[in-house]
Amino acid sequence: MINFNEIEAKWQKKWEEDGIYKFDPKSKKEKYYCLEMFSYPSGAKLHMGHWYNYGVTDTFARFKRMTGYNLFHPMGFDAFGLPAENYAIKTGIHPAISTNQNIDTMEGQLKRIGATWDWDYEVKTCNPDYYKWTQWTFLQLYKHGLAYKKDAPVNFCPKCQTVLANEQVIGGECERCGSTVIRKNMDQWFFKITDYAEELLQGLDDLDWPERTKSLQRNWIGKSKGAYVDFQVDGTDKKFTVFTTRCDTLFGATYCVLAPEHELVDQITSKKQKKAVEEYKIAASKQSEIERTSTTKEKTGVWTGAYAINPVNDKKIPIWISDYVLSTYGTGAIMAVPAHDERDYDFAKKFDLEIIQVLEGGDISKEAYVEDGTHINSGFLDGMNKEDAIAKMCEFLEEKKIGKATTTYKLRDWLVSRQRYWGAPIPIIYCDKCGMVPVPEEDLPVTLPMDAEFTPDGESPLKKCESFMKCKCPKCGGDARREADTLDTFVCSSWYFLRYPDANNSKKAFDSKIINKMLPVDKYVGGVEHACMHLIYARFYAKAFRDMGFLNFDEPFKSLVHQGLILGPDGEKMSKSKGNTVAPDPLVEEFGSDVLRGYLMFGFNYVEGGPWTDDGIVSINKFYRKVERLVESMTEDTTRIPEIDKVLHNSIKCIRNDIEKFQFNTSMSKIMEYSNALVKYEEKGIPRYYIEQLLLILAPFAPHITEELWAHIGNEYSIHNQDYPDYDESVLVESEKEIAVQVNGKLRGTVMIHVDDSEDVIKEKAMKNENVAKNIDGKEVVKVIIIKDKIVNIVVK
RNA sequence: GCAUGUGUGGCGGAAUGGUAGACGCGGAGGACUCAAAAUCCUCAGUAGGUAACUAUGUAUGGGUUCAAGUCCCUUCACAUGCACCA
């Protein structure tokens, strides 16, 4: 019996020495860029999720390799970030040291998977030779007006002591530590991702991505078509603009609401209302985001004492402020149509404001009518449906120059400043004379100092590091200060897939000629949790750098797959606190890497995942032992066995088809079917050809075992350089076939038919079947449906 | 509330509108063995029947079709995301 661990170590060493998986840029074969999301070296250990992601995807990569592609399959580390820094704060070990230690351990563990990664192209984002180019990408965005600094209300996590991107705030809480995020005004760097909102949305349609992920991104981008409408404040020359998706209901607008933060509030508030308004504003600002946006909360608000003029009927309508209007969406001001909007209805009822019905239907004395209906009480819109009324109203507004059709997005610009140490410094210099000056490209990288004090206190750690902060202005040469914030780690990971194919280029971030040939990534595999962060940022980067002329493509990931989640044996998410984690390492020790990989492929639907079972892995072990036994029964007989040929070719056909769909479980089951067919001939001995085919079809699934057995039967190294078996359709054509016979759609029997049988013959055979005859006896045959090779359905009355 | 996805044996999970439950785990029976392990063979959705077979069955209720796990509509449950988004 083979000792799986021994042979795995042996072959891994040999593969590495021979460099058999090294990418050949000069190859004539078509490239295939297979990429897993790179790993974050926070914990020192690889977990089951890594194995599931990397081990299984490697089988796919190997299959591509054996089917004639020039495989490019790199791996690297997303090495900057908070966890490493927090770990450092706790232990006192410098993040540079702990991160590199973690990377070393993880590399060792990754290598035990026996994957086809080409480590020559490895990328570590915390190395200066990488973040130099991250900084370069920042400068390009800056140069093209896509990076800007702004004093703005931002999400601040009091525990992590840093600002967060919108994408990192989950339900008002910090994505990392769960603290309640507070809002704070700070001077921050942003990337103008909103410039690409429409393109990011449109581009989704053509991507081979899971529907769920596309829907998450669509949702996040949050396109909404509507109109701006200007309202004059009565008795003044001031006006404000509202955003509405239903400008057709303007005749039903009986009041307006401004967000408490709206700039006009102070200017229009009457003396009498001043105190109430001030108090309300203070109360609103004290609330956390969660309290403020709770849907169950009762409506609150205060009248400003001012009136606006409804532009369609010149009616005076009161202007209120309320926290149910958000300053961050639309214009921070709304027109309220209480008859047809639930929120406005609640508000109007509470404060006894007028309600005018402008759409037919419902009973507005009880609740808001939010369905569609014919317009009433709406002047020139009366009798129209929604679409016509919206069009007509937009026309009216534009003609009168008091509004226009527009589109808004929920997507905000990407906030990239972080008041943390372990990240790429932002390459900007502040000079008293010249102002804000970008670091010249030739001065990159702006090196992260190793001796900074990084205990967080709300200030950027780098600010306290004089040796870092002090510099000369690149323009005038005078004394200047550096930007003390670092870049969000998502910036580092927004372009790493562009670096890989040209990873060792010391002159440029990447050579466009190479990148344009090697990208887009053909298959990208990773967790769904990145749907609205990494995956949207990376798309933005590709589009921005296309517009700068660096790239000739704009969608970095043509085809995307999310692996499911491997749960604990109890069906719950694995977690240390629940004590239900299953670590891969001991399993590799016990069964070997091929067996673990095998179970991960066979035991789950890849995109769904599911609970771990120990029995499952044992079954794969059993299966590979069976393969070993079959190999032992090999003979040099050269005869062919038609019965086995049929199973073999069918299996190959199914596997080739299923692997493309990431259906490793069914692929494995087809290999099992084939080996079951061989078992029948085990005692007589199995001809060499069938054993070789077995090893070849299994090779991407169990790379070490098949390599060993391939050598064992005296074949030339390496099995992984062989072509993957193909099938012959003609072998699959059967002269005789059993098909089902139904009577009125119910199965009543089966009959053997011959390929040459005419429909009449098939019909006759079907009718003659004993049980079928019994079921149609005494009834009138209305119709006989014959689907060749599949089924006969006899319809009787 | 909105969006997306999921719902199939004891379990993991299969099924281009065409014989539901492939493959595997677990289970029962048998072969080999002094015995066990390993291995091999057979059985198995559920109910009834010795059996042939019959009924029933893919969350729910309806529909389209000669034929529905699959397509359409209703309801329910679970998961994920967004959420006072005007």
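Residue numbers begin at 1 in each chain, while the letters A, B, ... track the order of the sequences.
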message: Using a heavy-atom cut-off of 4.0 Å across all strands, would you classify A:E342 as base, sugar-phosphate, or nothing?
response: nothing

- line: Sorted by chain and number, sequence neighbours left out, side chain to side chain contact (heavy atoms under 4.5 Å, CB included) with A:Y345 holds for A:K349, A:I355, A:A368

field: Whole-angstrom distance between B:rC78 and B:rU60, as gauged at atom C1'
entry: 15 Å

task: Decide whether a cation-pi geometry holds between A:R597 and A:F602; the criteria are a distance under 6.0 Å from NZ or CZ to the six-membered ring centre and an angle within 45° of the ring axis.
output: no

field: B:rA14 to B:rG29 separation - P atoms, rounded to the nearest Å
entry: 31 Å

query: A:I617 CD1 to B:rG12 P: how many Å, rounded?
result: 18 Å

- request: Would you indicate, yes or no, if B:rC82 has its OP1 or OP2 atom less than 4.0 angstrom from a side-chain nitrogen or oxygen of A:R218?
  value: no

query: Checking all strands, does A:G603 fall into the base, sugar-phosphate, or nothing category for heavy-atom contacts under 4.0 angstrom?
result: sugar-phosphate

- prompt: Can you tell me how far C1' of B:rC82 sits from OH of A:Y329, to the nearest Å?
  reply: 12 Å

message: Can you check the distance between B:rG7 and B:rG21, where both ends of the measurement are the C1' atom (answer in whole Å)?
response: 16 Å

field: is_close_aromatic(A:F347, A:Y255), centroid dist under 6.0 Å
entry: yes

- line: Applying salt bridge (Lys or Arg N to Asp or Glu O under 4.0 Å) to A:K626 and not counting sequence neighbours gives none

A:R629 side chain, from C-beta outward: closest of B:rC40, B:rA22, B:rG26: B:rC40

query: How far does the C1' atom of B:rU8 sit from the matching atom of B:rA22, given to the nearest Å?
result: 13 Å

task: Can you check whether any acceptor in the base of B:rC23 is under 3.5 Å from a donor in the side chain of A:K670, or vice versa?
output: no

message: So A:T613, base contact, sugar-phosphate only, or nothing? Heavy-atom distance under 4.0 Å.
response: nothing

query: To the nearest angstrom, how far is A:D615 atom CG from B:rG13 atom P?
result: 14 Å

Length of the CG-P vector between A:D658 and B:rA14, whole Å: 10 Å

field: Donor + acceptor pair across side chains of A:E342, A:Y369 (<3.5 Å)
entry: no

message: It should be established whether A:R748 places a side-chain nitrogen or oxygen under 4.0 Å from OP1 or OP2 of nucleotide B:rA55.
response: yes

message: Measuring from the side chain of A:V795 (C-beta onward, heavy atoms only), which nucleotide among B:rC66, B:rC25, B:rG81 has the closest atom?
response: B:rC66

query: Can a cation-pi geometry be assigned to A:K239 and A:F231, taking NZ or CZ under 6.0 Å from the six-membered ring centre and within 45° of the ring axis?
result: no

query: Distance check: side-chain N/O of A:Q663 vs OP1/OP2 of B:rC23, anything under 4.0 Å?
result: no

message: For A:K768, give me all partners under salt bridge (Lys or Arg N to Asp or Glu O under 4.0 Å), at least two apart in sequence or on another chain.
response: A:E764

Between C1' of B:rA67 and CD1 of A:I786, the distance in whole Å: 14 Å

- request: On RNA chain B, check which nucleotide each of A:R212 and A:F602 is closest to and give me the residue with the more 5' one.
  value: A:R212

query: Can you check the A:K746 NZ to B:rU54 C1' distance for me, whole Å?
result: 10 Å

message: So if I take every side-chain heavy atom of A:Y324 and compare against B:rC84, B:rC66, B:rG24, which nucleotide ends up nearest?
response: B:rC84

query: Who passes salt bridge (Lys or Arg N to Asp or Glu O under 4.0 Å) against A:D760, sequence neighbours left out?
result: none

query: Can you list the residues that meet the salt bridge (Lys or Arg N to Asp or Glu O under 4.0 Å) rule with A:E211, with sequence neighbours excluded?
result: A:R218

query: From B:rC84, B:rC53, B:rC82, pick the nucleotide closest to the side chain of A:K410?
result: B:rC82

- prompt: Which of the following nucleotides, B:rC84, B:rC23, B:rC66, is nearest to the side chain of A:S669?
  reply: B:rC23

message: Any base atoms under 4.0 Å from A:K626, or only sugar-phosphate, or nothing? Heavy atoms, all strands.
response: sugar-phosphate

- prompt: Stems in RNA chain B: runs of 3 or more consecutive Watson-Crick or G-U pairs, distances under 3.5 Å?
  reply: B:1-7 with B:76-82, B:10-12 with B:23-25, B:27-31 with B:39-43, B:45-48 with B:53-56, B:61-63 with B:71-73

message: Considering every strand and a 4.0 Å limit on heavy-atom distances, what is the contact class for A:R412: base, sugar-phosphate, or nothing?
response: nothing

query: Touch check for A:N650, heavy atoms < 4.0 angstrom, all strands: base, sugar-phosphate only, or nothing?
result: nothing

query: Between B:rA67 and B:rA20, how far is it from one P atom to the other, in whole Å?
result: 15 Å

message: Is B:rG9 syn or anti, taking syn as a glycosidic angle within 90° of 0?
response: syn

message: What's the closest nucleotide to the side chain of A:Q742 if the choices are B:rU54, B:rU19, B:rG24?
response: B:rU19

query: Taking OP1 and OP2 of B:rU6, is either one under 4.0 Å from a side-chain nitrogen or oxygen of A:N605?
result: no

message: Using heavy-atom distances to pick each residue's nearest nucleotide on RNA chain B, tell me which of A:G609 and A:I785 is more 5'.
response: A:G609

message: Classify A:S215 by what it touches in the nucleic acid, base, sugar-phosphate, or nothing, heavy-atom distance under 4.0 Å.
response: sugar-phosphate

field: Interatomic distance at C1', B:rC25 relative to B:rG63, whole Å
entry: 39 Å

- request: Please work out if A:N665 contacts a base, only the sugar-phosphate, or nothing of the nucleic acid, heavy-atom cut-off 4.0 Å.
  value: sugar-phosphate

field: Nearest-angstrom distance, C1' atom, B:rG49 to B:rC53
entry: 8 Å

- prompt: A:N676 CG to B:rU42 P: how many Å, rounded?
  reply: 10 Å

field: Identified ring-ring contact (aromatic ring centres under 6.0 Å, His included) counterpart of A:Y599 within the set A:F623, A:F604, A:F591
entry: A:F604

query: From the list B:rG81, B:rC84, B:rG18, which nucleotide is the closest neighbour of the side chain of A:L216?
result: B:rG81

task: Tell me what A:G598 touches on the nucleic acid: a base, only sugar-phosphate, or nothing, going by heavy atoms under 4.0 Å.
output: nothing

query: Taking NZ from A:K680 and C1' from B:rU42, how many angstroms apart are they, rounded to a whole number?
result: 13 Å

- prompt: Do A:T241 and A:D230 meet the criterion of a side-chain donor-acceptor pair at a distance under 3.5 Å?
  reply: yes

- request: Name the orientation class of the two ring planes belonging to A:F240 and A:H262 (parallel below 30°, tilted from 30 to 60°, perpendicular beyond 60°).
  value: perpendicular

- request: Choose from B:rC25, B:rG18, B:rU19 the nucleotide whose nearest atom is closest to any side-chain atom of A:L747.
  value: B:rU19

query: In whole Å, what separates the P atom of B:rU58 from that of B:rG69?
result: 7 Å

message: Need one value for A:F623: base, sugar-phosphate or nothing, where a base atom within 4.0 Å counts as base even if backbone is also close, heavy atoms only.
response: nothing

task: For A:N744, report the nucleic acid contact type (base, sugar-phosphate, nothing); a contact means any heavy atom under 4.0 Å.
output: nothing

message: Using the side-chain heavy atoms of A:I791, tell me which of these nucleotides is nearest: B:rU39, B:rU54, B:rU19.
response: B:rU19

message: Any N or O donor-acceptor pair under 3.5 Å from the base of B:rC82 to the side chain of A:N219?
response: no

